[in-house]
Structure formats: C-alpha cells, structure tokens
Enquirer: 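This structure is in structure tokens; I'll ask about it shortly.
Labels below follow one simple rule: chain letters A, B, ... track the order of the sequence lines, proteins then strands, and each chain is numbered from 1.
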There are 4 protein chains.
Amino acid sequence: MTPPRAPRSDGLHNRAALLDAAGAAYAEHGFDASIADIARRAGVAKATVFHHFASKDALLAAVLVQRLQKLLDLGERLLEAEEPGAALMEFLALSAQQRQQNDLAFARTVEAAGEQMNEVRDRMFTVLDALVLRAQEAGAVRRDVTGMDVALLMCAPTHVAAFAPNAEPDLWRRYLAIILDGLHPQGAGPLPGQAPPRH
Amino acid sequence: MTPPRAPRSDGLHNRAALLDAAGAAYAEHGFDASIADIARRAGVAKATVFHHFASKDALLAAVLVQRLQKLLDLGERLLEAEEPGAALMEFLALSAQQRQQNDLAFARTVEAAGEQMNEVRDRMFTVLDALVLRAQEAGAVRRDVTGMDVALLMCAPTHVAAFAPNAEPDLWRRYLAIILDGLHPQGAGPLPGQAPPRH
Amino acid sequence: MTPPRAPRSDGLHNRAALLDAAGAAYAEHGFDASIADIARRAGVAKATVFHHFASKDALLAAVLVQRLQKLLDLGERLLEAEEPGAALMEFLALSAQQRQQNDLAFARTVEAAGEQMNEVRDRMFTVLDALVLRAQEAGAVRRDVTGMDVALLMCAPTHVAAFAPNAEPDLWRRYLAIILDGLHPQGAGPLPGQAPPRH
Amino acid sequence: MTPPRAPRSDGLHNRAALLDAAGAAYAEHGFDASIADIARRAGVAKATVFHHFASKDALLAAVLVQRLQKLLDLGERLLEAEEPGAALMEFLALSAQQRQQNDLAFARTVEAAGEQMNEVRDRMFTVLDALVLRAQEAGAVRRDVTGMDVALLMCAPTHVAAFAPNAEPDLWRRYLAIILDGLHPQGAGPLPGQAPPRH
DNA sequence: TATGAATGAGAATTCATTCAT
DNA sequence: CATGAATGAATTCTCATTCAT
C-alpha cells in the first residue's frame, strides 16, 4: 500500500513512520488518539512507541514541533517576499490550508513542554512579529496588532469551520477573509486591552 | 458500620448541583471530564449522576441546552433593541463574556442529539438570522454574511484567547473587536465560497 | 390494555401485578431479569417491589411457588384419573406445555428457600411418587424409577428444545416422547445407581 | 513503591491458565462468572484477560470451542468403531462424563459466534449425523431421530441431574440410561413434529 | 532495536437495596 | 402503602506504561 520508503536505517525509519501515523491518527480522532492506534498505523508494536518517545505527550510534542517547523520555514521564506501585505495574507492562508489543528498545538505545548518545542515556538513568534511589522509599514495591516495576536487568530478559521455540519471543505476561507478584513487598517477603532505576552 | 447518610436533599437540588458541577468540570478539563470528577464536585455518589441523567452524553447535552437557553433568551430580548447594529455586537459580547466554551457545543450537539437540543439550537439559529438581518438593514453589517456565519464566528474570540499563556481574562475582547471590524460593511471584498447550511 | 382487574384492595393488587410482571420478565430475560424491569412492567416504583418481597430472591421464590402450586393442583386432580399410565403422561405433557422453565426452579429453590417453597415442593414430590406408583402398578411405567426421577426428567424436554435455533415451538414434544418411551417397562435394562433422595 | 512483578511467564502458559480458570469458574457460577473471578483464579490481573481475549464473550467462545474440539475428536475416533450402536452410546456417555455444561454451549454459540465456533459446531453435527446413521443401519437406534436430535438430548442427563440436591456424582448415568432406552427402536411410536434444523 | 506480555489506575454504567417523605 | 432519591459494590473494558527477552 504505502509506497516503498527510502530505506533509511531501521531506527530512523520507524521514528518517521510513527510521526506520520500519529499525525494521521490525530487528524481522525483528535489529540487523544490512542497509542495502540498510532502503533497499529505505523506497523510497530506499542512498546516501540515508547522506545522512540518518552511518553504520549512527548510524541504529541514531536509531531507539533515538526509541523511548526514547516510553518516556520514558510514564514522565513515569506519574510523576503516583495509585497509585505500579501506575504502575511499568504502565510495565514497556507497555514490554515494545512488544516492541521495547529491551534491546540499551543495549548498542549505548555504542558508537554520540551526544549525544542519552546525554541521553535519562540522563533515562530519572532517571524510572525517581523511579518506583521513589515505589513504594517506597508500600510496593509492596522498598527495595533502584534505577531502574537496574529498567532492566536490564525487558529480561528479552521477551528470555527470545523463545527459546521455539512460544509464544503474550503469553508475556512470565508472566515479567514473576514478576519483579514478585520486586520485591515481602514476604519478600525482602537483595540481594547493589551496584546498578550509571549510567555 | 453504616456511614451517616447525607441529610437528604430534594431531587431538584442535586440535579442543579450536578449541572453546575459538570459546567465547572468541563471548564477545567474540557468535555471529557470524568463522571467521577463531576460527582465529587457535586458531593454525590457516581450512581446518582445516572439517576438524573441517562448517560454521560445526556448530562453534557443537558448542560449545553441550559447554556444555549440562556443565550437564546438574551438574543430574543435583543431582537427588540433600538439600534440593530449595537444589538448584534452586544449579543456577541455577552455570549463571549459567559466564556462557556459554547463552541464545542455545536459540534457535540450533533452527536449527543436529543429532542430539546435540536430545538434550542434551531431557535438559536433563527434568532441569529434575525439579528443579523436587522443589522444588515441598518447598514451595520456586511450583506454577505448569514446568521450561521455569525454563529460559528462567535466561538472564536474566547477559543482563541484561551491559548494565550498568561493573558488577562479580557483578552477575548481584542479578538471580538477585530472580528467585528471584519463584519463591518465598508471596504470588504466579496467572501469566497458559500455560507454553511444549518444542518 | 389490561382488562380492568377486579379492584381488590390496593396492596393485593400490586402484589399480584408484580408476580405477573416477574413471570413475564423471567420468560423474556431469564431469571436474572432486573428489578427495575419488573417494576416497570408492573407499573410501580422499584421500592414497591421490596415493600412486597423482602429481596429479589424472595420474589423469585414467590413466583416459583405460585407456579408449582398450579402444577400441584393439576397433579392432585390427575391422581383420581381412571388410567394411571395416561395420567402420568398427561401430567408431564401439561407441565411441559406451560413451558415455564420450571427446571431452574428446583435449583434456585435451594438457595432462596422459604417455608412455603419447601412445603409446596415436598407435596409435589409426594404427588409425583403417587402418580408414578399408580402407573407402575398399571404396568405402564418401569418399576425402577421414582417420583423424584420423574421430577428431574420432566424439566428436560423444554430445556433441551430451547437450544434448537429455529425450531417450531412444539419441538419439546419430540423429546418428551422419547423420554416417555424410555420410561416404558418393556425392554429396559436395570438403571445404574440409585434414585436421588428428596433432600 | 513498585510491587515485585510476577516472575514472567510465557504467553501461552497464561492463556492456557485462563482457559482453565474460566472453565472452573463457569462450572461453579455458571456462564456469567465475572472476569475478576476468572482472573483471580488464573493468578493474573484483570487486564491480562483482555490481552488474550478480546471480550468476555470471546473468552467464553474460546472455552467452548476448546471443549467441543475435544468432543469432536472423540466422535471422529468413534466413527471407526466396530459396533455402531455401542459407539453412539459411548459417545454420549463420555460426553456426559465430562460434565462440562456443554448444553449452554449451543445456545450461547449463536450469540458469541466467531468463525471457529461455527466451524467446530458444524463439524460436530456432521459427526453426530454419521454416528446416528451408522447406529440406525445397525438396528441399534430408532429410525426417526437425527444427529441434531441427539445433539440436543445429550445435554439433558447432566443438566437434569444437576438439580438433584444431594445426589451422587454419577446420577446422570440413570438419566442417560433412560434416554438411551428411549432411543432404542423396539416399541416406539412415531415421534411428533419434525427434527429441528441445524441453523 | 524491537516486541509480546503484563498490569494498575481509571472509565462508564448497572443493580439490588435502603431511607425519608 | 407507595415512592423518588441516593448509594456502595460490582462489572466490563481501555489505556499508558514497564519489563524481560
């Protein structure tokens, strides 16, 4: 069924298979997919999961780090785009398109911690701050939002769309569009409260 | 041998206590808070939970119905407000302020069903449609959103704010403000896709 | 639905309704039908069951006594029949036809005891001994079986037939016929062992 | 803190121990012996039961299959015996002697299903048909009974004997003898109804 | 490295029974 | 007499995790 994987050394192969399997399981059953399920999907024994990841939470963390890493790469590339406004929009669109419930990522993150996690997350915020700043300087985004604000908001479209019973899979685009309109500078009263801190 | 029995309290009291306890438990541990936890909070035995609610899902449904009912009452009162634009805004603000994760409500709803649930939910959508329509006619809200769109979006602010690590409790107001700005009619390109169906 | 009962005083009415309900429940779910089920069928509250019967076992015992009583009456009437052989056959046929799993009756009996139970059961054995004796004297039944033997065997046909998957409801007649043939005097070697004692 | 672990025993050992324990528990408390009881008897944790058998029903099925298998082997061996009449008698005697309540086996079978179960049961019926046919051809058994009839009747002796209060353990032999006499060809009127179908 | 086996800690749910009204 | 309410004990089953091989 699965296309013959490039035969890396056994250890790495299983680790990668587990990350994939976990991702698939999370997508289907949410973040409390069982270890048994994940192991089955990866074609290994349950105990092997613990051979590669210290705990269930550690596996979750690893998956999230992997995903965030990808997003991070995308963000860094977009930092050098010509039109800063469009760049930010694109970042949000692509991140939503992955539809991986990155949202919960942040929540769980706190609990599962892990060195790597913190590092990736921090760099993500840095990139977002930069993307936002450039967009603001180009006049494409209102001045009173921060990268952290955007980080939180980027979870909303897919999360919200997930609750519509029989919607088309692109429904999130509607809500991303509304939020983007809300981020535009024209005709926007000052925001209440303060932007949330990073930590 | 026989432990001193609890001083006999009338049925309705315990039922209400259970609804409260469940609400608290859900707030703390999410919707899979255990029956044991809920019973402990309410100060009753596990079996008593099942005396009042047929199953775990039935309890969840009862809690959600209760919450939606409150919101529904609010919405119906606001239907008669003088300024339709402000009325919709207020509805969203107050519904968010309850901070009850009304969001998942809609999702789970489908599964846990129950006569009452469906009825309350439908009436909620009807009220939202009306609120939105009046606001649109008053020129306060863009013409291309529906009550269902708003129903989905109203979950976003508190959901999103919940992931900020050490934020002030009013953080959701920021994101509600942004979304409201996104709902304003001026300077808003046409939305992609179609509004989701009710069912 | 139920034909208007002769309005005995409330207490007795409920007691009778419970016995009926228990019988029906046992027939459908076997002897571990739940008290809740029985109460529901009788249209009374669970606690009322315990008002009339000291325990679940006591209720079972009462039902069994009632049934045995009926059978006992039948047996006593048949004691005066003209053809002793036919009389015994008829007793067995009619007792099987009631298809009430009288069998387990004896088993459970021991545990649930109760004065009445022991008395009825003893009288039953006495009647059976007499029926058998008369049949033996008439040359219709082999000499080496006792009333107790017959008491045990009479459970077999319906019990055995109950395990046939899609059989016609009269299947037990086949097995009763075979057993009756086995009880005939002609061509029957001596039985091994001793007939079981009454107690 | 950590209790001294059981000295590690190989999987098959525990599986066998569980089958034995289940058999013993069934014999004592009937087929609704609790998993807890069975686990205790086998000296393993409750969860271990589910490691070996998917569900309570699966365990029951496994026990029954194992028993039927034994009986099946016996039957197949007896198919080649010299005296067909004696062969059938011996089969019934030995199957009763195992005193395992094989009876319920057939009943439950239908519910607990399972591939193996159906197969073994079917082969059992086939063997019984053959045994009966040979016995009939030898003039030892009446012509109007089938293998299915005998399958049902073979449960009767032990079942019936089980209800005698203080009987000697060989009591079932009496009732088997009577039934065997009933199966003899001489002096037996035609049986009412039709033999039950296999399924 | 990988795994089958084993398990303790819960999970939801059922049930016979008791008590105050 | 009747009952709604309450509960302790038990039941089946799940799951993350550990260990010996």
Enquirer: To the nearest Å, how far apart are Leu18(D) CG and dA5(E) C1'?
Expert: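 Taking atom C1' of dA5(E) as the reference, CG of Leu18(D) is at 12 Å.
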
Enquirer: Check whether any side-chain N or O of Ser55(C) sits under 3.5 Å from a backbone N or O of Ala58(C) as a donor-acceptor pair, and report yes or no.
Expert: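 The answer is yes, because a donor-acceptor pair under 3.5 Å joins these two groups.
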
Enquirer: Roughly how many Å is it from CD1 in Ile38(A) to P in dT17(F), rounded to a whole number?
Expert: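 From Ile38(A) CD1 to dT17(F) P: 11 Å.
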
Enquirer: What class does the angle between the rings of His159(C) and His159(D) fall in, given that below 30° is parallel, 30 to 60° is tilted and above 60° is perpendicular?
Expert: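 Ring orientation, 0 to 90° scale: parallel.
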
Enquirer: Between atom CG in Asp32(D) and atom P in dT11(F), what is the gap in whole Å?
Expert: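 Value for this atom pair: 10 Å.
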
Enquirer: Contact between Leu60(D) and Lys56(D) at the side-chain level, heavy atoms closer than 4.5 Å - yes or no?
Expert: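 In short, these two side chains do not touch, never coming nearer than 4.5 Å.
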
Enquirer: Answer whether the closest heavy-atom distance between the side chains of Leu19(C) and Phe53(C) falls below 4.5 Å.
Expert: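 Side-chain contact under 4.5 Å: yes.
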
Enquirer: Please report, rounded to the nearest Å, how far the C1' atom of dT11(F) is from the CG atom of Leu59(D).
Expert: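 Computing the Leu59(D):CG to dT11(F):C1' distance gives 15 Å.
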
Enquirer: Using a 4.5 Å cut-off on heavy atoms from C-beta on, say whether the side chain of Tyr26(D) contacts that of Asp32(D).
Expert: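 Heavy-atom side-chain distance check fails, nothing below 4.5 Å.
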
Enquirer: Does Arg15(C) have any side chain to side chain donor-acceptor pair (under 3.5 Å) partners at least two apart in sequence or in another chain, and if so, which?
Expert: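 Checked Arg15(C) against side chain to side chain donor-acceptor pair (under 3.5 Å); zero matches.
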
Enquirer: Look at the side-chain N and O atoms of Asn14(C) and state whether any lies under 4.0 Å from the OP1 or OP2 oxygen of dA2(F).
Expert: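 Checking Asn14(C) against dA2(F): at least one side-chain N or O falls below 4.0 Å of OP1 or OP2.
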
Enquirer: Mapping Ala45(D) and Asp37(B) onto DNA chain E by nearest heavy atom, which one lands closer to the 5' end?
Expert: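 Between the two, 5'-proximity favours Ala45(D).
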
Enquirer: Given the rule that a pair is Watson-Crick or G-U wobble with both distances under 3.5 Å, how would you write DNA chain E in dot-bracket, using | for pairs to a different strand?
Expert: .||||||||||||||||||||

Enquirer: Mind checking what makes side chain to side chain contact (heavy atoms under 4.5 Å, CB included) contact with Val65(D), not counting sequence neighbours?
Expert: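 Listed in chain order: Gln116(D), Met117(D), Val120(D).
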
Enquirer: Is there a side-chain polar atom (N or O) of His51(A) under 4.0 Å from OP1 or OP2 of dT1(E)?
Expert: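 His51(A) to dT1(E) OP1/OP2: side-chain N or O found under 4.0 Å.
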
Enquirer: With sequence neighbours excluded, what pairs up with Ala21(B) under the side chain to side chain contact (heavy atoms under 4.5 Å, CB included) test?
Expert: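 Applying side chain to side chain contact (heavy atoms under 4.5 Å, CB included) to Ala21(B) gives Ile38(B), Arg41(B), Ala42(B).
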
Enquirer: Identify, between Arg40(B) and Gly43(A), the residue whose nearest nucleotide on DNA chain E lies closer to the 5' end.
Expert: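 Of the two residues, Gly43(A) wins.
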
Enquirer: Using the test side chain to side chain contact (heavy atoms under 4.5 Å, CB included), find all partners of Ala36(A) that sit at least two apart in sequence or belong to another chain.
Expert: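 Result, side chain to side chain contact (heavy atoms under 4.5 Å, CB included) vs Ala36(A): Ser34(A), Arg40(A), Lys46(A).
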
Enquirer: How is Val49(A) classified with respect to the nucleic acid when contacts are heavy atoms under 4.0 Å: base, sugar-phosphate, or nothing?
Expert: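 No contact.
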
Enquirer: Answer yes or no: does a side-chain N or O of His52(C) lie under 4.0 Å from OP1 or OP2 of dC1(F)?
Expert: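 So the side-chain polar atoms of His52(C) never come under 4.0 Å of the phosphate oxygens OP1 or OP2 of dC1(F).
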
Enquirer: Atom pairs, N/O to N/O, protein against nucleotides 13-15 of chain E, distance under 3.5 Å?
Expert:
from    : atom 1 : to       : atom 2 : distance (Å)
dT13(E) : OP2    : Lys56(B) : N      : 2.9

